[in-house]
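What follows is a set of notes on a single structure, which appears directly below.
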There are 2 protein chains.
Amino acid sequence: MFNHSLETLFMSEAEKTKKQFVVESAARLFRDKGYSATSMRDLAQAVDLKASSLYNYIQSKSEILREICFANAHRFIESMTQVEQLSGNAREKIEVLLRLHIQVATQDVTSVMAFNDEWRHLEEPFLSEFVALRRDYENRFRAIIEQGMRNGEFKVMDSSIPLFTLFSAVRWIHDWYKPNRSITSAELENEVIRLLLEGIQEF
Amino acid sequence: MFNHSLETLFMSEAEKTKKQFVVESAARLFRDKGYSATSMRDLAQAVDLKASSLYNYIQSKSEILREICFANAHRFIESMTQVEQLSGNAREKIEVLLRLHIQVATQDVTSVMAFNDEWRHLEEPFLSEFVALRRDYENRFRAIIEQGMRNGEFKVMDSSIPLFTLFSAVRWIHDWYKPNRSITSAELENEVIRLLLEGIQEF
DNA sequence: CCTACCGATCGGTAGG
DNA sequence: CCTACCGATCGGTAGG
């Protein structure tokens, strides 16, 4: 299991804050250029340090990616656990999960990057561990979809299709959304949900 | 404007075939590991050559990416030109375009990779040129959506939402689809189209 | 937190 | 199509 690296336990509050700053700056670079194309010199420049000084806060480039990926995997899985306990029907559960995906995309650069794009650069054994967490999340999402199909709430089809279509359908938001857009994040959320649940067609 | 590099004009048919093999192998590696994480030594190994020998077929790593990206941009734009000349309504045009996106995702590794993920590693001035082509395609797709909204065919909303949601919604297919899956590519196409046009909800 | 520096690997070339 | 090799850059360390 993943847990916070040992040395984090021995860091002062100020050092933890600085570490967070380094990790978040890295996330932004990984999103913009990709993990492999981001050098430690790029990151150092972004946080106004020399490359060697980064290693006072982090152990390695791969550790940064690892922390981002697993923090987000755990966040999504915790949300899933809460959603599973809701009393609502499948449609309501899917709506809550989609709203979570959209909110996180508009608010946190690390989330979509970690969950969609850069996790493949994790090294073993972390890659396998991450893939297992991701698969767990997918399977639980799929179970809700299949429940909705049996209920007659959802159209019946191969469950992989709505599963991956819904996941992917919100992927553009984290690239596109900026807080100064004419649309608020709440409006965006409502319209994307409506589009996915009811389709683009007007009846 | 992009055109085939000069030396391609002086290559024999066999050399062109080999070049195509190199480029397609590169596309597969770029899709699997990303452009930056793919070394010319990786590519050489994939085509059973030494790294230096690759340069008999291609000029540089960046040239490979450039050819893949622009070949696909032009293909999508040509299809758009054909679709615009159809007599159908907006819904039919969008359906044709979505079917194109899905078909290409199940049949050609280069397409989605180029159009979604790795084009950002293009160098100037090609990056700007590619972005302009992509924007042209988006704008023409958007025009069809807006026509459909005015017609009453589509739900009325900020046109960026259906535009990018539809683009993204088919992105998972090229990672997921393998010809030996239980679902045929035609079935997949029909179900994805139905989901996006009519929504996941059963009425 | 920096200067100085390491071995490894990168894309690519010379010459045959 | 290969061997041999180049300068640049990579992630990271030693020592202060």
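Order of the sequence lines sets the chain letters (A, B, ...), proteins ahead of strands, with each chain counted from 1.
Both distances falling under 3.5 Å, in either a Watson-Crick or a G-U wobble arrangement, place D/dG15 opposite C/dC2. Nucleotide D/dG7 forms a Watson-Crick or G-U wobble pair with C/dC10, both donor-acceptor distances falling under 3.5 Å.
Of all heavy-atom pairs between B/Lys155 and A/Gly199, the closest is NZ-O, 2.7 Å.
The stretch residues 29-52 of chain A touches DNA chain D through A/Thr38, A/Ser39, A/Met40, A/Arg41, A/Ser52, each having a heavy atom under 4.0 angstrom from the strand.
Evaluated for a side chain to side chain contact (heavy atoms under 4.5 Å, CB included) with B/Arg140, the options B/Ile77, B/Val83, B/Leu97 yield exactly one hit, B/Ile77.
In this pair, B/Phe70 and B/His74 present their aromatic rings tilted. The plane angle is within the 30 to 60° band. Ring geometry for A/Tyr137 against A/Phe167 counts as parallel: the plane angle stays under 30°, on a 0 to 90° scale with 60° as the upper cut.
When DNA chain D is scanned 5' to 3' for any atom under 4.0 Å from a heavy atom of chain A, the first and last hits are D/dC10 to D/dT13.
Nucleic acid contact for A/Ser62: none, since no nucleic acid atom lies under 4.0 Å from a heavy atom of the residue.
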Stepwise salt bridge (charged side-chain N to carboxylate O under 4.0 Å, His left out) test for A/Arg120 and B/Asp175: CA-CA 13 Å; A/Arg120 63 183 170 172; B/Asp175 276 336; over 6 Å; no

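The cationic group of B/Arg134 lies under 6.0 Å from the six-membered ring centre of B/Phe115 and within 45° of the ring axis, placing it in a cation-pi geometry. At least one test fails for B/Lys93 against the ring of B/Phe141: distance under 6.0 Å to the centre or angle within 45° of the axis.
Looking only at side-chain heavy atoms (C-beta outward), A/Arg66 and A/Glu63 come within less than 4.5 Å of each other.
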